[in-house]
Visitor: 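Please see the structure below; I have some questions.
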There are 2 protein chains.
Amino acid sequence: MDIVTGVGVIDKAMLILHAVADSPANLNDLQSATGLPRATAHRLASALVEHGMLRRDADGQFALGHGLVALGQAAAEHFPLADLARPVLEDLRDQTGESVQLFVREGAGDGAQRRCVLSFESTHGLRWIVPQGALLPLDVGSAGRLLSGESHRDGWVQSVGEREAGVASVSAPVTSGDGSVIAAISVSGPIERLSRQPGKRFGEEVVAAAERLSG
Amino acid sequence: MDIVTGVGVIDKAMLILHAVADSPANLNDLQSATGLPRATAHRLASALVEHGMLRRDADGQFALGHGLVALGQAAAEHFPLADLARPVLEDLRDQTGESVQLFVREGAGDGAQRRCVLSFESTHGLRWIVPQGALLPLDVGSAGRLLSGESHRDGWVQSVGEREAGVASVSAPVTSGDGSVIAAISVSGPIERLSRQPGKRFGEEVVAAAERLSG
DNA sequence: ACGTGCTATCCCACATTATGGGATACTCTG
DNA sequence: CAGAGTATCCCATAATGTGGGATAGCACGT
């Protein structure tokens, strides 16, 4: 087995999925991308094909399968927040002209992270992009600190050049009926435009958007 | 182990995913839906949560995870045919007023099936619905027989009450540059509207749509 | 407050399951 | 036809996942 022992089949299967996620891959690509032995990679990939998580494309390469898009759709349907948030975020993006995102906390305890569920890009030429589905750390960035429980005096939290140099952001919490934070809305862009006090600049707008969603 | 021995971890994981796909489920639901022992279901589900394929919702229930929507999106991006087909199918639906679908063959040899990649519903009150992502048999239904290699003299294949009583359909092949069949476009609806010769009624339209996509 | 029924989570000896090195079968290309 | 680059198959080995049961946590009703 690999140097790292104690990894389960599911972990290996996920390695394969993510290796294929970027672009279709043949067995050799899989092997080098995952570090798995050929036979193992082949067996797992074949099993995933059987279940529609992967497919063989015209060239015989492994690509993400159609079962995955079906499951992905189902997943989106079972998460109504994203649908509700779409128009709100779009409005916010138009108001501010900057990139806006919706983050949710994901994972337990120490390994917790935040996931960008929704992302609309700034209309400016110089724009800061967070891809949908991206996983970001929980301890840096305004939305991250917000989701990790940091208090927000004015309804928002800001950060300047914290997670990424040159990027500033303001975030506000989306709360459920009982007041618990279930998500965070974030406006982010270059410091040059957001200034060193992004909260002053866009705090009100972000909070308003977050409140439209809360409840 | 279960009565059915020889099933792999991945198969069990997929059981769990599909059990959750319909609606969020707690551990007991999972247990009865999958037939897996509690401990096993719990361990696998937890592993899937770690990888973002599942998540714990507000009630602690297992639901489809955000990682899944990200992968699903990526999968859709890597399958350009679906995007190209969208406007074509929409036009076809408007022309015919009936439900239209795009099918691709999936799986090898004996266990081959067809997957509905795209589905637009008829505007009629009485409509025949094939959900996106659905897996259908390859040996019945016009699109099924088409994808399993049946010849199509007039450019289309029809079926009447074959897979489902009361439902008729016409399908035409989408071919790649070298003439091989890579997908099938299908118009289907109640026999009352499509008649017992759906090919005569909508054959031309389906073939035209399929040709717009081919190549 | 206490018991009761429900659930999620953890533990550990066991053997079923996945493993992976290597042999084989394909499929192009020159 | 030789040769390189593939995918696929095989099978002895042991590492992995298993699952019965024990524990912990939670919510409700008496």
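In this text the structure is predicted, and so the values were computed from the model without any measurement. All values below come from the heavy atoms of this structure, side chains included, with hydrogens, waters and symmetry mates left out.
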Visitor: So, the side chain of A/D11 versus the backbone of A/G8: is there a donor-acceptor pair under 3.5 Å, distance only?
Guide: yes
Visitor: Look for any protein N or O under 3.5 Å of an N or O in nucleotides 3-7 of chain D and output each such pair with its distance, or none.
Guide:
unit_1: D/dT6; atom_1: OP2; unit_2: A/N28; atom_2: ND2; d: 2.8
unit_1: D/dA7; atom_1: OP1; unit_2: A/L27; atom_2: N; d: 3.0

Visitor: Using only heavy-atom distances, determine whether the side chains of A/E98 and A/S188 contain a donor-acceptor pair under 3.5 Å.
Guide: no
Visitor: How close or far is atom C1' of D/dA15 from atom CG of A/D11, stated in whole angstroms?
Guide: 15 Å
Visitor: In whole angstrom, give the distance that lies between atom CG of A/L44 and atom P of D/dT8.
Guide: 14 Å
Visitor: Show every salt bridge (charged side-chain N to carboxylate O under 4.0 Å, His left out) that has at least one partner inside residues 26-40 of chain A, sequence neighbours left out.
Guide: none
Visitor: Examine the side chains of A/S99 and A/S122 and answer whether a donor and an acceptor come within less than 3.5 Å of each other.
Guide: no
Visitor: Distances under 3.5 Å only, N/O to N/O: pair up the protein atoms with those of nucleotides 13-15 of chain C.
Guide:
none

Visitor: When you match B/T40 and A/A39 each to their closest nucleotide on DNA chain D, which lands nearer the 5' end?
Guide: A/A39
Visitor: According to salt bridge (charged side-chain N to carboxylate O under 4.0 Å, His left out), who are the partners of B/D22, at least two apart in sequence or on a separate chain?
Guide: none
Visitor: Would you kindly give the CG-to-P distance between A/L36 and D/dA15, to the nearest whole Å?
Guide: 17 Å
Visitor: Could you tell me whether the side chain of B/Q132 reaches within less than 4.5 Å of the side chain of B/L118, counting heavy atoms only?
Guide: yes
Visitor: Considering only nitrogen or oxygen atoms on both sides, find all protein atoms under 3.5 Å from nucleotides 25-30 of chain C and state each distance.
Guide:
none

Visitor: Rounding to an integer number of Å, can you tell me how far B/Q31 CD sits from D/dT18 P?
Guide: 14 Å
Visitor: Please determine if a side-chain N or O atom of A/R43 lies less than 4.0 Å away from the OP1 or OP2 oxygen of C/dT19.
Guide: yes
Visitor: Angle between the two end axes of the helix from C/dA1-D/dT30 to C/dG30-D/dC1, five base pairs per end, rounded to 10 degrees?
Guide: 40°
Visitor: Without placing hydrogens or testing angles, list every side-chain donor-acceptor pair under 3.5 Å for residues 40-49 of chain A, not counting sequence neighbours.
Guide:
unit_1: A/S46; atom_1: OG; unit_2: A/H42; atom_2: O; d: 2.7

Visitor: Got a sec, which pairs hit salt bridge (charged side-chain N to carboxylate O under 4.0 Å, His left out) with one end in residues 46-61 of chain B, sequence neighbours left out?
Guide: none
Visitor: Check every atom of C/dG20, C/dA18, D/dG19 against the side chain of A/V9 and return the nucleotide holding the closest atom.
Guide: C/dA18
Visitor: Salt bridge (charged side-chain N to carboxylate O under 4.0 Å, His left out) with A/E150: which residues, sequence neighbours excluded?
Guide: A/R145
Visitor: Whether A/R114 engages the ring of A/F103 as a cation-pi pair (distance to the six-membered ring centre under 6.0 angstrom, angle to the ring normal within 45°) should be assessed.
Guide: yes
Visitor: Expressed in angstrom and rounded to an integer, what is the separation of B/I10 atom CD1 from D/dT18 atom P?
Guide: 12 Å
Visitor: For residues 128-144 of chain A, which residue pairs pass the salt bridge (charged side-chain N to carboxylate O under 4.0 Å, His left out) check, not counting sequence neighbours?
Guide: none
Visitor: Does the side chain of A/P198 reach to within under 4.5 Å of the side chain of A/S169, using non-hydrogen atoms?
Guide: no
Visitor: Does D/dT16 have OP1 or OP2 under 4.0 Å away from a side-chain N or O of A/K12?
Guide: no
Visitor: Output all residues satisfying salt bridge (charged side-chain N to carboxylate O under 4.0 Å, His left out) with B/E77, sequence neighbours left out; order by chain, then residue number.
Guide: none
Visitor: Restricting to salt bridge (charged side-chain N to carboxylate O under 4.0 Å, His left out), what partner residues turn up for A/R163, sequence neighbours left out?
Guide: none
